[in-house]
Amino acid sequence: MLLLLLGCLDHDPIPGGVDDRVFVAMQSHFTDFRSWTTITLDGEIDGHSGTERLVFVSALPEEGSDSFPVGTLIVKSAPVGETVELHAMVKRGGGYNPGGAPGWEWFELKESAGIPVILWRGEEPPSGEGYVVLGGEDSAVDGDCNSCHQAAYDNDYVHEVPL
Ligand code: HEC
């Protein structure tokens with residue numbers, strides 16, 4: 001556990017990690033995301049299909065936390081056809097995204113020559129950039145990031161990295 005915490009501090013963009021601060025991620029914060037703590041997901045969940053989906057987290061929350069600290073970056077990599085889709089969520093804090101997943105900013109990244117580049121960011125995806133939802137037009141879920149992640153509100157809107 002001690003080793004794990006030391007490893008996390010390396011990636012903690014806010015020394016001391018005080019939660020009432022604001023962290024605005026820049027592209028450079030994602031550069032080494034493949035070296036972060038990695039969780040491998042298999043199978044199909046909620047219409048996400050694929051062979052290997054990976055979740056990378058910049059720093060695990062301290063045991064017993066009730067939320068992820070400001071400055072936490074989480075990237076999900078999922079194969080879609082021939083390419084890999086990279087979505088991310090960053091704990092920005094500062095009252096951001098109050099009507100969706102409070103404190104979290106959403107991102108899509110694309111690796112270009114091995115460097116992750118930010119395609120878009122915000123409280124919700126730009127029109128046409130949300131998930132294609134298998135439930136179809138009648139589905140209550142509209143592909144906006146906030147909608148599905150609200151289902152994980154008791155884990156600070158994060159599905160696969162337990163608090
Ligand atoms: C259809 C429901 C749904 C929508 C819409 C959705 N997600 Fe997710 N997301 C999930 C589920 C379920 C997981 C858990 C991992 C998995 O099953 O793929 C997840 C995992 C993630 C993770 C890894 C952290 C975690 O919560 O486990 C990130 C980052 C992420 N999603 C970003 C996004 C972004 C950005 C958007 C909007 C473009 C988005 N998601 C829209 C359901 C959704």
Side-chain angles (χ1 to χ4, degrees), residues 1-79 84-109 116 118 120-125 130-131 133 140-163:
M1 193 58 199
L2 184 60
L3 278 179
L4 192 64
L5 286 174
L6 287 175
C8 295
L9 289 175
D10 279 341
H11 295 294
D12 188 349
I14 300 174
V18 183
D19 262 26
D20 58 1
R21 294 180 56 184
V22 176
F23 173 76
V24 179
M26 290 183 290
Q27 198 159 284
S28 57
H29 289 111
F30 294 100
T31 306
D32 65 347
F33 80 89
R34 290 192 184 277
S35 69
W36 299 346
T37 302
T38 308
I39 299 167
T40 305
L41 311 172
D42 304 305
E44 284 189 35
I45 304 170
D46 286 3
H48 291 234
S49 64
T51 49
E52 191 188 44
R53 289 166 305 123
L54 302 169
V55 173
F56 305 91
V57 55
S58 62
L60 292 171
E62 271 181 48
E63 228 175 298
S65 307
D66 58 5
S67 61
F68 287 80
V70 170
T72 302
L73 299 92
I74 306 177
V75 175
K76 186 175 97 168
S77 156
V84 168
E85 253 184 18
L86 296 176
H87 282 113
M89 58 198 298
V90 174
K91 200 34 131 34
R92 175 170 168 139
Y96 191 76
N97 198 4
W104 290 103
E105 184 173 11
W106 304 107
F107 294 76
E108 184 167 358
L109 310 171
I118 296 174
W120 57 257
R121 65 190 296 165
E123 294 185 343
E124 55 186 44
Y131 281 22
V133 175
V141 171
D142 64 3
D144 165 20
C145 320
N146 295 302
S147 54
C148 287
H149 282 262
Q150 262 157 9
Y153 77 96
D154 57 351
N155 194 59
D156 198 12
Y157 304 90
V158 176
H159 287 281
E160 292 293 340
V161 186
L163 278 171

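Positions are given from 1, in the same order as the sequence printed here.
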Enquirer: Closest heavy-atom contact between H159 and C148?
Expert: NE2-O, 3.3 Å
Enquirer: Output, in order, the C-alpha distance, side-chain angles, deciding distance and verdict of side-chain contact (heavy atoms from CB on, under 4.5 Å) for D156 and K91.
Expert: CA-CA 10 Å; D156 198 12; K91 200 34 131 34; 2.9 Å; yes
Enquirer: Test of understanding: with ring-ring contact (aromatic ring centres under 6.0 Å, His included), list the residues that count as partners of F107, not counting sequence neighbours.
Expert: F30
Enquirer: According to the interplanar angle, ranging from 0 to 90°, do the rings of Y153 and Y157 count as parallel (below 30°), tilted (30 to 60°) or perpendicular (above 60°)?
Expert: tilted
Enquirer: Could you report the tightest heavy-atom contact between V84 and S77, atom names first, then the distance?
Expert: CG1-OG, 3.3 Å
Enquirer: If I take atom CG from residue L86 and atom CD1 from residue I118, how far apart are they, to the nearest 0.5 angstrom?
Expert: 12.0 Å
Enquirer: Not counting sequence neighbours, which residues clear side chain to side chain contact (heavy atoms under 4.5 Å, CB included) with T38? List them please.
Expert: L54, F56
Enquirer: Just how far is it from atom CZ of R121 to atom CG of L109, taken to the nearest 0.5 Å?
Expert: 10.0 Å
Enquirer: Ignoring hydrogens, what is the shortest heavy-atom contact between G100 and Q150? Give both atom names and the distance.
Expert: O-NE2, 3.0 Å
Enquirer: Sequence neighbours left out, what pairs pass salt bridge (Lys or Arg N to Asp or Glu O under 4.0 Å) with at least one residue falling in residues 92-103?
Expert: R92-E105
Enquirer: So that I know where these two stand, are H149 and W106 an aromatic pair - ring centroids less than 6.0 Å apart?
Expert: yes
Enquirer: Which residues pass the side chain to side chain contact (heavy atoms under 4.5 Å, CB included) test with E123, not counting sequence neighbours?
Expert: Y96, N97, P98
Enquirer: For I39, check side chain to side chain contact (heavy atoms under 4.5 Å, CB included) against everything at least two apart and list the hits.
Expert: L41, V55, V161
Enquirer: Can you give me the closest heavy-atom contact between D144 and P125, atom names plus distance?
Expert: OD1-CD, 3.6 Å
Enquirer: Carefully, step by step, assess H87 and C145 under the rule side-chain contact (heavy atoms from CB on, under 4.5 Å).
Expert: CA-CA 10 Å; H87 282 113; C145 320; 5.9 Å; no
Enquirer: To the nearest 0.5 angstrom, please state how far the CG atom of N146 sits from the CH2 atom of W104.
Expert: 12.5 Å
